[in-house]
Amino acid sequence: QVRPVESGGGLVQAGGSLKLSCAASRDSFSSYSMGWFRQAPGKEREFVAAIGWNDEDTDYSDAVRGRFTISRDDVKNTMYLTMNSLRPEDTGIYYCAGRYGSWWSRVPNDYEWWGQGTQVTVSS
């Protein structure tokens, strides 16, 4: 069973930056497409970004495109989300997720495993 561990969340002022990490203890990590989702209080979990088997195969929500960058390091079995120009509306719990195969998805139910989440808070 995959148990990814997320890190890198915290409190930052608007306009600041954070880099989230998702480390998965799985030998076949490179066979998984990965995604980042977030959930704000009282709201449903929403898609943020996804990556296929390489850094050129990525997708972003309109809300974060141009500010966030998703990437992966298959040697370290780790996925990253670099977040720049953060806004208060980016506040929420950020979750990483994985699904077997090269095709990423924007649908949470398409993912097989999830991290425990890391809190990101952006103050105005």
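Please read all numbers here as calculations on a predicted model, not as lab measurements. Heads up: numbering here begins at 1 and tracks the sequence.
- Across all their heavy atoms, G52 and S33 have their closest contact at CA-OG, 3.9 Å.
- Note: R87 CZ to S124 OG = 14.0 Å, rounded to the nearest 0.5 Å.
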Should S61 and E46 be marked as a side-chain contact (heavy atoms from CB on, under 4.5 Å) after you check the CA-CA gap, both sets of side-chain angles, and the distance that decides it? CA-CA 9 Å; S61 69; E46 66 172 354; over 6 Å; no

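- Within the 4.5 Å cutoff, the side chain of L86 has heavy atoms near those of the F68 side chain.
- Side-chain polar atoms of Y111 and R99 form no donor-acceptor pair below 3.5 angstrom.
- Of all heavy-atom pairs spanning F29 and N77, the tightest one is CB-OD1, 3.3 Å.
- When each of V75, I70, D74 is checked for a side chain to side chain contact (heavy atoms under 4.5 Å, CB included) with R72, only D74 meets the rule.
- Between the side chain of W104 and the main chain of W53, no donor-acceptor pair closer than 3.5 Å is present.
- T118 contributes no side-chain N or O that, together with a main-chain N or O of S7, makes up a donor-acceptor pair within less than 3.5 Å.
- Closest non-hydrogen pair, G98 versus M34, comes out as CA-SD, 3.9 Å.
- Rounding to the nearest 0.5 angstrom, the gap separating the CG atom in N54 from the OG atom in S30 is 11.5 Å.
- The two residues A49 and L81 have their closest heavy-atom pair at CB-CD1, 4.2 Å.
- Panel note: side chain S85, backbone R67; no donor-acceptor pair is recorded below 3.5 Å.
- Side-chain contact between Y60 and T69 is present, with at least one heavy-atom pair separated by less than 4.5 Å.
- In this structure a side-chain-to-backbone donor-acceptor pair under 3.5 Å is missing from R38 to Q119.
- For the pair R65/D59, a side-chain contact is recorded, criterion being any heavy-atom separation below 4.5 Å from C-beta on.
- Of the possible polar contacts, none joining the T58 side chain to the I51 backbone as a donor-acceptor pair under 3.5 Å is found.
- Between atom NZ of residue K19 and atom OG of residue S71 there is a gap of 5.5 Å, rounded to the nearest 0.5 Å.
- Heavy atoms only, all atoms of each residue included: S105 and D110 are closest at OG-OD2, 2.5 Å.
- If you chain together hydrophobic residues whose side chains sit under 4.5 Å apart, I93 and Y80 never meet in one group.
- Of all heavy-atom pairs spanning P108 and F37, the tightest one is CG-CE2, 3.7 Å.
- Distance SG/C22 to CD/E6: 5.5 Å, rounded to 0.5 Å.
- Centroid-to-centroid, the aromatic rings of W113 and Y32 come within less than 6.0 Å.
- Proximity of M83 to L20: side-chain heavy atoms (C-beta onward) are separated by under 4.5 Å at one or more points.
- Side chain of E112 to main chain of Y100: a donor-acceptor pair is present (N/O by atom type, distance under 3.5 Å, no hydrogens or angles).
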